[in-house]
Each structure stands twice: as structure tokens, then as C-alpha cells.
Amino acid sequence: MTMEARILARIRKIPRGKVSTYGAIARAAGYPGAARQVVRALHRASDLPWHRVLGAGGEIKLRGEHAFEQRFRLEAEGVTFRGRRVNMGLYEFKFLKRKALRRKKKR
DNA sequence: AGGGTGACGATCA
DNA sequence: ATGATCGCCACCC
């Protein structure tokens, strides 16, 4: 299974009304520190609950109209905000951690 | 090999 | 709270 597939699988696990973060998804997929790869996966795939993915602290990282769109979708699912961020204490979805996967050895 | 790119993240002024 | 800095990681020239 590819790194991207594992990451996407995690994203699809986030239930309606709940959210997660780039970093948490990367860790849950077995790739701590690979938050940017989560972004990459989100860009390449479609039919994903993309709006449930936020930056650390529950902050929306999109710009402009897209940011509004994300907030709109989340509020439609019942997720509330406190200022610019969502109340992670109430809405963060907890994944069962997973041991880091071995990355390919360099040469 | 070298340099650049992101919907990142932690830290510090 | 906000911006800069630096570390991070797979990819793509």
C-alpha cells in the first residue's frame, strides 16, 4: 500500500461532525512529520471529506473563498468555531495511533 | 545533484 | 495575535 493510500484511508475515517489535522492524519497513517504529504493527497484525490481537515489548533489553512467554503461546510455539520478556529476539544476525531512505518532507506 | 514547492508545525520576537 | 524562521517530507523539474 502506498503512503498516499494510507493517508487517504485515514481521511475517509473522519466522521461527519468531526475534524482532524494534517499532522494528526500523517501520524495516524504511520508517517509522523509528513503533514505536507497529507496536503498532497488531498490535492490529488477527490470525493473526500476534505473540509474536515484543519491545521494544528483547529485553524483553517485555506485562503479566500475556499476558506469560507470549508467553514460553511463544517458549520453545516454542526462544528462550531471559537474565533478563527474550531473547538478541537469537542470536535477532534481521535485516531488510534499507529507505529511509524519504516521509510525507504537512502542511498 | 541542486533548487523549488506546498491547504504543515513548533518556536520565538 | 502576527509574522519570521527553521525543520520537515515527497515530488518535480
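Every chain is numbered from 1 and lettered A, B, ... according to where its sequence line falls, protein lines coming before strand lines.
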Under the rule for side chain to side chain contact (heavy atoms under 4.5 Å, CB included), what residues qualify as partners of A:Arg44, not counting sequence neighbours? A:Glu4, A:Arg40

Quick one: ring pair (Phe, Tyr, Trp, His ring centres under 6.0 Å) pairs with a partner in residues 66-95 of chain A, sequence neighbours left out? A:Phe93-A:Phe95

Could you tell me which residues satisfy side chain to side chain contact (heavy atoms under 4.5 Å, CB included) with A:Ala26, sequence neighbours excluded, listed by chain and number? A:Ala34, A:Val38

Could you check which residues of residues 79-95 of chain A get a heavy atom under 4.0 Å from DNA chain B? Sort them by number, please. none

Just the atom pairs and distances: protein N or O near nucleotides 7-9 of chain B's N or O, under 3.5 Å.
residue	atom	partner	partner atom	Å
B:dA7	OP1	A:His43	NE2	2.3
B:dA7	N3	A:Tyr22	OH	2.5
B:dC8	N3	A:Arg36	NH1	2.6
B:dC8	N4	A:Arg36	NH1	2.5
B:dC8	N4	A:Arg36	NH2	3.1
B:dG9	OP1	A:Gly23	N	3.0
B:dG9	OP2	A:Ala56	N	2.7

Taking salt bridge (charged side-chain N to carboxylate O under 4.0 Å, His left out) as the test, write out the residues that go with A:Arg12, two or more places apart. none

Taking only N/O atoms, report every protein-nucleotides 11-13 of chain B pair under 3.5 Å with atom names and distance.
none

Pairs where residues 66-75 of chain A contributes a residue and the test salt bridge (charged side-chain N to carboxylate O under 4.0 Å, His left out) is met, not counting sequence neighbours: A:Glu69-A:Arg73, A:Arg71-A:Glu75

Sequence-distant partners of A:Arg98, side chain to side chain contact (heavy atoms under 4.5 Å, CB included), two or more places apart: A:Arg6, A:Arg10, A:Leu101

Round to a whole Å and report the spacing from OH of A:Tyr31 to P of C:dA10. 9 Å

The criterion is salt bridge (charged side-chain N to carboxylate O under 4.0 Å, His left out); which residues satisfy it with A:Lys94, sequence neighbours excluded? A:Glu92

Residue pairs, two or more places apart or on separate chains, that pass side chain to side chain donor-acceptor pair (under 3.5 Å) and touch residues 19-28 of chain A: none

Partner residues of A:Ala76 under the side chain to side chain contact (heavy atoms under 4.5 Å, CB included) criterion, sequence neighbours left out: none

